[in-house]
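The structure presented is a predicted model; accordingly, all values stated were derived computationally and were not measured.
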Amino acid sequence: MPTEINFYPSDASVTSEGVFVFGYTQDKKKIAVFDAKYFPWLALAQENVDGLRQICNKLGVEFKHTQNEGNLTKVFFNIKDFDKVAREARQLNLYNSDISLRKRWWIDRKILPFTLTKAIGEPLSRANLKVDMVLGADFLDSLNTSLDTIDIVGFDFETSSSGAFPDPELNAIISIALYSNNFRRVITWKRFAPHEPHVTFVDSEAELIEEFVRSVNELKPHILAGYGSDNFDMPYLIRRAKKYDIELELNWDKSELSLKRSGHRTARVVGISYCDVSHFIRRILALDTDHYSLDLVAKKMLGKGKLAGFNAKRINEIWSVGLPEELALLCDYNLIDAQLAQELAKKILPVQMELCKLTGQPLHDVNLMTYGTLVEWFVIKNADIFIPPRPKEMEVAERQRHSYEGGLVVEPIPGLYKDICAFDFRSLYPSIIASHNISPETMDCSCCGVRGGFAIKEESIWFCSKKQGFVPKLVGDLVERRKRINDILAATSPSDASFSELMARQHALKFIAAAFYGYLGFGASRFYSFDCAKAVTSLGRKYIQMVLKEANKLGFKILYGDTDSLFVVMKNDTDAEAKSFLQIINSILPAPMELEFKAKYRSGIFLGKKSGEGGAKKRYALLTQGNSLILRGLEAIRGDWSNLAKRTQKEILQILLAEQDAEKGLAHFRKITNNVKTQKTELEDLAIRIKLTRPLQSYATNAPHVVAAKLAKAKGHPVRRGFLVSYVRTKGPDKVRLLEDCKKEDYDADYYIEHQLLRAVYKIFEIFGYGLEKLKAGQTTLEGY
DNA sequence: TATCCCTACGATGTCG
DNA sequence: CGACATCGTAGG
């Protein structure tokens, strides 16, 4: 008797016999659905099918069946044969041949993660699966209902340590915390009294590990979320478990928990969605921060951080001394970390879920994606085309040698301006792609010719005006859907239950639409098209130039423009003027291109270049109607300047722009320089932080941050790519000292005054008529500077 | 197996 | 000293 079961799939695993799909049923039983009838296919030109047959004969592989589509033939195979054939027949110009089957299964089967799916088939017995039920499916179908409550369990480990960093060979895991909406537990193996009920004592590290695994399995989360856990907790767990010969039974199949390499070392828990959310936060959300520690990221995203005052040394002390109240505090610390991981995962979940739907990929995979992969999977899932293979390394290198012209930037005239109006294009590049049908296969089509298609004179190419390409179709869709959502959002109160959901959806659509253009010009792209990428920016320049010209015609004073935006002072400064400007422009623009009014500012300054003549591009400050500052490109928003200079620059701008009191600004500036001069400034304010973008030995320069990085390495810090060097400029021949080794009396006051403070403000004061001499003049009167 | 593009500024060190 | 190369980080 066939059984019918509805379930929410979360993960798939490919074996040579078929695909296991894992998930929970509606009453939260663990289920594995076995799809033995999945036959992956590849496509090739019909004239190459015989060649493929010969190769298959040699390999002893049979075609499952074939199917003609246009000029191409799809050939289906058994899973176990697929990779072998695809590899051996590479020279036959194959399509859809190098896409991971585990990921592709979802797309071929049209099943979405966390979406109710009907499975019909016979129950199977499979002792090696850790699930409540196994079904051999003859039929699978998506019922298109999303799972509405997703259970997220956050987790975090604490370990002892002998040095600055825990060593998994030497140092034990001392406690593990788990946190979800309705559950919290800290497991530890040193007893103390009194203790809170959520603290569970065990007798050894081995029992701790086993209890953790048991807890996860009993909690049955959809998502197991860590922060930085691919780098720390998971590898640590695996090493410590091995030491005690413990089998980590987290996976729903018989396999042991292991680390995979998918660009990045990551753990995958078979069955549920394990996510180290730091990947997504770093790669997709790309917070404006110079490092991605849990504390900093949580403060930015959740408005709260870790429990203060802990580090590896302190944790180690607490553990070895063993005072009850201290151990209790350590448990709190551990639990808060797990809670932060859980809340971060919860926060990004709506966007991730939307991306799961757009790419057809499970959460674990979406969490690891970059912009490139996001676009790639979006195309694989949604485009009605055959997928070409990834380019080979040589090809990628060759592509990377060419580059093309980008956006237009208007040089500003340095000065202070009042009543500034800002306009910008809504999604410029996506809307250009959609309106001009820019796609690799619509370029230079024979059906149109130069006169019939969308011509780009400057590049001597054209795009078909008869048949829509796959890129414009997908991008146009994204732009349109996003606009629809934004329209609804505009009429929705932020307190409305649907608001954050809609917000997440429009964000997800934006991420993909915005990355499409870059993906066309990306060397490792499957859909690389130098000419398409070039055409997009070329049209972008054409349209912004058209807008600048029209603004000029209307008598607007053009202050600045960058790629898709312009800042002007209008003639009469009325709403009607702005409105008619937009009307003129938008009647010229082809849909869905659109110029929008962005904001009006009370005032703003555009700075002169520090070296050479003229105005500096990408460096300005604006004052909103509410008297708050918007800064672009300035030192105050750069990560590689001292807090002292950054703060001072902001304060000076606030005084000069909002309070319009240059004398007060000058007095304030002098006060700060004097403080620096008398060695009174805190080192934390003087530290300069710079991130290494490459391995230390590959530097061809002795720049201060490289010198400092070498000092850090000598002290045993893990100086790798991405390492954040914190140093202070000092007097004496070495010039540089690590922040941690510096004393207040050692800092080089002259450097901080000349190269940090003055350099951060002199171009601003200049606009207000205060030259460099005047800024320095005040200093000479004080204690013989 | 890593996986988005170009434009721009400015700091610093080195060389002639 | 200026020209230039190297490097990091920003804007869009």
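As judged by a 4.0 angstrom heavy-atom cut-off over every strand, A:F511 is placed among residues making no nucleic acid contact. A:A533 comes within 4.0 angstrom of nothing in the nucleic acid, heavy atoms only. Here A:R729 lies in heavy-atom contact (under 4.0 Å) with sugar-phosphate atoms only. Within the 4.0 angstrom heavy-atom criterion, no nucleotide atom of any strand lies near A:S525. Residue contacts for A:G406: at a heavy-atom cut-off of 4.0 Å it reaches the sugar-phosphate backbone alone, with no base atom in range. Residue-level contact check: A:E405 touches the backbone only, with heavy atoms under 4.0 Å from sugar-phosphate atoms and none from bases. Using a 4.0 Å heavy-atom cutoff across all strands shown, A:W641 reaches sugar-phosphate atoms only and no base atom. Nucleic acid contact class of A:F516 (heavy atoms, under 4.0 Å, all strands): none. Nucleic acid contact for A:L428: none, since no nucleic acid atom lies under 4.0 Å from a heavy atom of the residue. No contact: A:A515 has no heavy atom under 4.0 Å from any strand. In this structure, A:T370 reaches the sugar-phosphate backbone alone: every heavy-atom distance under 4.0 Å involves primed, P, OP1 or OP2 atoms, never a base.
When each of C:dG8, B:dC6, C:dG12 is scored by its nearest atom to the side-chain atoms of A:D564, the top-ranked nucleotide is C:dG12. Considering only side-chain atoms of A:D640, the nucleotide from B:dT12, B:dT1, C:dT9 that sits closest is C:dT9. The side chain of A:K609 approaches B:dC9 more closely than any other nucleotide in the set B:dC9, C:dT6, C:dG11. Taking the side chain of A:R619 as heavy atoms from C-beta on, and the options C:dT6, B:dA8, B:dG10, the nearest nucleotide is B:dG10. Ranking C:dC7, B:dC4, B:dG10 by closeness to the A:Y699 side chain, first place goes to C:dC7. Nearest nucleotide to the A:F522 side chain, out of B:dC4, B:dC9, C:dC7: B:dC4. Of the candidates B:dC9, B:dC5, C:dT9, C:dT9 carries the atom nearest the A:K691 side chain, counting heavy atoms from C-beta on. In the set B:dG13, C:dT9, B:dT3, the nucleotide with an atom closest to the side chain of A:T701 is B:dG13.
Atom pair A:L634:CG and C:dG12:P shows a separation of 11 Å (rounding to whole Å applied). Distance, A:Y727 OH to C:dG8 P: 11 Å, rounded to whole Å. Straight-line distance from the CD1 atom of A:I688 to the C1' atom of C:dC7: 15 Å, rounded to whole Å. Atom C1' of nucleotide B:dC6 and atom OH of A:Y519 are separated by 19 Å, given to the nearest angstrom. A:Q400 has its CD atom 11 Å from the C1' atom of B:dC4, to the nearest Å. Rounded to an integer number of Å, the gap from A:L408 CG to B:dC5 C1' is 16 Å. Across the protein-nucleic acid pair, A:L374 atom CG and B:dT3 atom P stand 14 Å apart, rounded to whole Å. If you take CZ of A:R541 and P of C:dG12, they are 18 Å apart, rounded to a whole angstrom.
Residue A:K610 places at least one side-chain N or O closer than 4.0 Å to OP1 or OP2 of B:dA11. A sub-4.0 Å separation between OP1 or OP2 of C:dG11 and a side-chain N or O of A:R638 is absent. Contact annotation: A:R632 does not reach the phosphate of C:dA10 (side-chain N/O to OP1 or OP2, under 4.0 Å). Under 4.0 angstrom from either OP1 or OP2 of B:dC9 there lies no side-chain N or O belonging to A:S611. Within the structure, every side-chain polar atom (N or O) of A:T537 is placed at least 4.0 Å from both OP1 and OP2 of B:dC6. In this structure, A:Y620 reaches the C:dG12 phosphate: one of its side-chain N or O atoms is under 4.0 Å from OP1 or OP2. Within the 4.0 Å cut-off from OP1 or OP2 of B:dA2, not a single side-chain nitrogen or oxygen of A:Y371 is found. Under 4.0 angstrom from either OP1 or OP2 of B:dG10 there lies no side-chain N or O belonging to A:Y762. Distances shown here put a side-chain N or O of A:R759 below 4.0 Å from the OP1 or OP2 atom of B:dA11. Between A:K618 and the phosphate of B:dT7, there is no side-chain N or O to OP1/OP2 separation shorter than 4.0 Å. Contact between the side-chain N/O atoms of A:N702 and the OP1/OP2 oxygens of B:dT14 is found at a separation under 4.0 Å. Contact check, A:H755 against B:dA11: no side-chain N or O comes under 4.0 Å of OP1 or OP2.
Rounding to the nearest 0.5 angstrom, the gap separating the CE atom in A:M593 from the NE2 atom in A:H436 is 6.5 Å. Expressed to the nearest 0.5 Å, how far CD of A:E635 lies from NZ of A:K650 amounts to 12.5 Å. A distance of 10.0 Å separates OH of A:Y762 from CG of A:L607, quoted to the nearest 0.5 Å.
The pair A:K763-A:E766 meets the salt-bridge criterion, with a side-chain N (NZ, NE, NH1 or NH2) lying under 4.0 Å from an Asp/Glu carboxylate O.
A 6.0 Å sphere centred on CD1 of A:I413 holds no more than 12 heavy atoms belonging to other residues, nucleotides or ligands. Counting non-hydrogen atoms of neighbouring residues, nucleotides and ligands closer than 6.0 angstrom, the NZ atom of A:K300 exceeds 12 such neighbours.
In this model, no donor atom of one side chain and acceptor atom of the other lie less than 3.5 Å apart for A:E684 and A:N643. Judged purely by distance below 3.5 Å, without hydrogens or angles, the side chains of A:S628 and A:T624 pair a donor atom with an acceptor atom.
On a pure distance criterion of 3.5 Å, a polar donor-acceptor pair joins the side chain of A:R390 and the base of B:dT1.
Remark: the separation of the C1' atoms in B:dC4 and C:dG11 is 15 Å, to the nearest Å.
The backbone N or O of A:Y274 lies less than 3.5 Å from a partner atom in the side chain of A:H364, making a donor-acceptor pair.
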